[in-house]
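Naming convention: chains lettered A, B, ... in sequence-line order (proteins, then strands); numbering from 1 in each chain.
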There are 2 protein chains.
Amino acid sequence: LFRQVYEGLRSAIVTGTVRAGEKLPATRALAEDLGVSRTTVVLAYEQLLAEGFISGRGGSGTYVSGAFPSRPAALQQVTASTKLSRFGASVTLYPSPSLPEKRPSLRYDFSFGKSDLDLFPFAAWRRLLLRCIRKFSLHAYDYRMPSGSLALRESIATHLARARAVRCDASQVIIVNGSQQALDLACRVLLDRGDRAVIEDPQYLGMREVFRAAGVHLHPVPVDEDGLDTSKLPNAARLAVVTPSHQFPTGTILSMSRRLELLNWARRCNAMVLEDDYDGEFRYGGQPLESLQGLDREGRVIYTGTFSRTMFSSMRIGYIVVPKSLLKPFTAAKWLADKHTATLEQEALSEFINQGTYERYLRRVRRKNAQRRAALLRAIADYLPSEVRVSGDGAGTHILLWLPAPYMEQETVSRAAQLGVGVYGISPYFIESGRSRPGLLIGYARMTERQIREGIQLLATALAAAARARKK
Amino acid sequence: LFRQVYEGLRSAIVTGTVRAGEKLPATRALAEDLGVSRTTVVLAYEQLLAEGFISGRGGSGTYVSGAFPSRPAALQQVTASTKLSRFGASVTLYPSPSLPEKRPSLRYDFSFGKSDLDLFPFAAWRRLLLRCIRKFSLHAYDYRMPSGSLALRESIATHLARARAVRCDASQVIIVNGSQQALDLACRVLLDRGDRAVIEDPQYLGMREVFRAAGVHLHPVPVDEDGLDTSKLPNAARLAVVTPSHQFPTGTILSMSRRLELLNWARRCNAMVLEDDYDGEFRYGGQPLESLQGLDREGRVIYTGTFSRTMFSSMRIGYIVVPKSLLKPFTAAKWLADKHTATLEQEALSEFINQGTYERYLRRVRRKNAQRRAALLRAIADYLPSEVRVSGDGAGTHILLWLPAPYMEQETVSRAAQLGVGVYGISPYFIESGRSRPGLLIGYARMTERQIREGIQLLATALAAAARARKK
């Protein structure tokens, strides 16, 4: 009721129905007119008084304030013609980010970049969350350090040393909201608009767009079966952004000699290297190849990884490991960006790692993915034409199928979808379209061996149909 | 064991102890030498082979690869002389962000910006978290929309319409990691290096530094008892960043006529206004003054708020409400920054609001803070010298005490601390030091009425001592 009276009066004043200087009715009179209690009207007048809409002149009544400038333009919502920053204008050009479609028609979806949620120990995870919720002291609800929970940073440093041969102590680990934030922070801290950065071609879109939106001059360097072709590195750049353990999307592993060449190059140009180890936990036929960071003796490598690929995506916890000389700007940049990453899941995650549950889970996933990979390679050998070449099967959870003529990428993707099979073209990942070759990304982390086999069999049908269609 | 053998060999190769082209001992021989199983050595060789350190030449044995470039520099960690971006160099100058010290010596800490955790319904919050953890479908663990949980965005839109007269629908609400991220995203989307932005003087450091690090030319506009002095606005700017409902740190409320003037100014210069409503839920002597956004008819106001001030800081959930014309760049910027805010607490928060628990909690806090405020004003009237002027008591959870001569700010802060009383000087919040006047920030959201009374009594002693010290 108060609200109605207040808003009615306010609107009358703002729209000019009651004019500046006009006297308002006495509260008692208005209360009778409106059939409300006098208190309601008094409260509404007090509110309007506090907001400066009306003024009381002692005993002489209440008047509409005269101090107002004309009210701003029309009442209808006009869209301001806002000038965006160059960053703002650049990101406006993106296709609207949207939820990955649920495609019920795709019975065999070889999508990539996702973990197998069926293997994740949700019961243990919930127990830990619950325990953290219960044991939290009030202190834990206040602002925390921008670099994140010290317990988690220690767990991560230990895990990375053992599993990825990363050389660091906990002080060098900064908790971020997934590796996407690590890319963004590195770009902001290291690069100015117009600076040059090396990027693998093809590469991950979320990586490319961070640098592009920041106005960085991207120098794409091609990738072959040994990973980034270091002989094609430019003479100067400020940063190289690489995925050495399983190049995205081609899946190749950067060879040891090229790793050393890359580090030497970085030293020669005084460049930094950003190693995105999104997939480093999964490698077949040997221990995981150690990280590039572990080879670095000069503090030139910034290392980043995430739990969204190994655990699940919606958690948003990743880490960036920076040389000690860069701790200050990276920590400050994280603080400016969002103060710190949310606390609860950090604490649960730290326990999850320390208890060994994370390691056990990873082993289970590795074993399962190895079986899936074997089934996939067998099915490819059994069903696909021999000209279709497999790449990137040494690590990770997806492979690449290079398609020679007469198989065309888009045609194959469409025909496969018609048969209920989801495969993904590689072309959009190339910056230099002249370098693009037809290929299909095949993820297998969420498929059963049977689905893999049936899906590849159907893909063979789609390939044959695509080739026939081309000949016509 | 495998690891030892592998690492020993690898180190011998990398450090040059074994040279390129040299033949390695046969696996059987080396196994005997080292007293390990032959399998261990075979595995180590295979790993080194996979990494490209060694190569097998058919039956003729295993050789150290010759393809290596010289290994990068020395083994000791050399710090690369990294060139930072202008952003990176700017943030490096900050004082290291650190955890707010626990100061056991401060029995009466009038710190500000924190909620009273004793009033927070942790039991209800834990129940909701738990329910969300249990009911989550697997789907909820995949990547989500960059703008956040639709359920939460709807809850927020409804709450803001009712409580703050914000005009928006859920599509305009983007979930961010606290209002700090809102400031950062707005700065990036709207402003280029060198663009001019209006900022209140004094103002919040985390706000100022976002714009300063981005190279924005800040135009500080003074604040008086009616808030931002709109007569001092420059003729042109791209953005004005304001805290109309409780200016930080002075606590003044922007008067209605100045609100309209600010909007008219924005229209004249085609500028945007960023309204940081960090404290809008708390106002005394009337309903909360409605938001500036609610007065805007042109889509010029971007509105942001956060739950870290009303609930607790470590959660990191805030929101930004943008005009529809700016949805695209803001959503894309959020996606580039960190894909999306973590899901679990978003879902729990949405339930928390929808059940009415949040509203009930706010009412309880409002009531309690009103009592604290009354106790504070009473104590000030009873104990402090009448020349000390109170400002900013109309809203929020802190007030400002302006100190006339002979009271000096730093001297008073130190003397109060010696008596176990935490009060905070306003000087650091001014950009233009010439405008700075001595004043003390007094937060009261975490104090009992008794603590408030005793603390102010001690502050009176500190003030007197500071004045005496000055005279000497």
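Residue contact with chain B, scored on non-hydrogen atoms closer than 4.5 Å, involves the side chain of A:S308 exclusively. If you measure heavy-atom distances from B:F120 to chain A, you find no contacts under 4.5 Å at all. Using a 4.5 Å cut-off between heavy atoms, A:L326 touches chain B through its side chain atoms alone. A:A213 touches chain B through its side chain: at least one heavy atom from C-beta onward sits under 4.5 Å away, while N, CA, C and O do not. With a threshold of 4.5 angstrom between heavy atoms, B:R259 does not approach chain A through any atom at all. Using a 4.5 Å cut-off between heavy atoms, B:L191 contacts chain A through its backbone alone, with no side-chain atom that close. Heavy atoms closer than 4.5 Å to chain B are found nowhere in A:E7, neither backbone nor side chain.
With values rounded to the nearest 0.5 angstrom, A:R134 atom CZ is found 15.0 Å from B:F122 atom CZ. Between the CZ atom of A:F87 and the CZ atom of B:R193 there is a distance of 14.0 Å, given to the nearest 0.5 Å.
Shortest non-hydrogen contact noted between B:L84 and A:P329 is CD1-CG, 4.1 Å. Closest approach of B:G206 to A:W335, counting heavy atoms only: CA-CH2, 3.8 Å. Annotation for B:A165 and A:R3: closest pair CB-NH2, 4.3 Å, computed over non-hydrogen atoms. When all heavy atoms of B:Q181 and A:D338 are compared, the pair lying nearest together is CB-CB, 4.0 Å. Across all non-hydrogen atoms, the minimal contact from B:L295 to A:R10 is CD2-NH2, 2.8 Å.
A donor-acceptor distance shorter than 3.5 angstrom exists from the side chain of A:Q180 to the backbone of B:L336, with no hydrogens or angles considered. Within the 3.5 Å criterion, the main-chain N or O of A:I133 finds a donor-acceptor partner in the side chain of B:R126.
Between A:K83 and B:M272, the closest side-chain pair of non-hydrogen atoms is not below 4.5 Å. Here the side chains of B:T92 and A:V189 are not in contact, with every heavy-atom distance at 4.5 Å or above. Using a 4.5 Å heavy-atom threshold, the side chains of A:R316 and B:T341 count as separate.
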* **B:L129/A:L344 under side-chain contact (heavy atoms from CB on, under 4.5 Å): CA gap, chis, key distance, verdict** => CA-CA 11 Å; B:L129 277 176; A:L344 173 63; 3.9 Å; yes
* Asked: Under the side-chain contact (heavy atoms from CB on, under 4.5 Å) criterion, do B:H340 and A:S314 qualify, and how do the steps go?
  -> CA-CA 8 Å; B:H340 63 75; A:S314 76; 4.2 Å; yes
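Your options are B:L117, B:L190, B:L183, and the one with the most heavy-atom pairs under 4.5 Å with chain A is B:L190. Contact count versus chain B (heavy atoms, under 4.5 Å) is highest, among A:A266, A:A337, A:C187, for A:A337. The candidate with the highest count of non-hydrogen atom pairs below 4.5 Å against chain A, out of B:G88, B:S85, B:S179, is B:S85.
Looking at A:R188 and B:D184, a side-chain N of the basic residue comes within less than 4.0 Å of a carboxylate O on the acidic one, giving a salt bridge.
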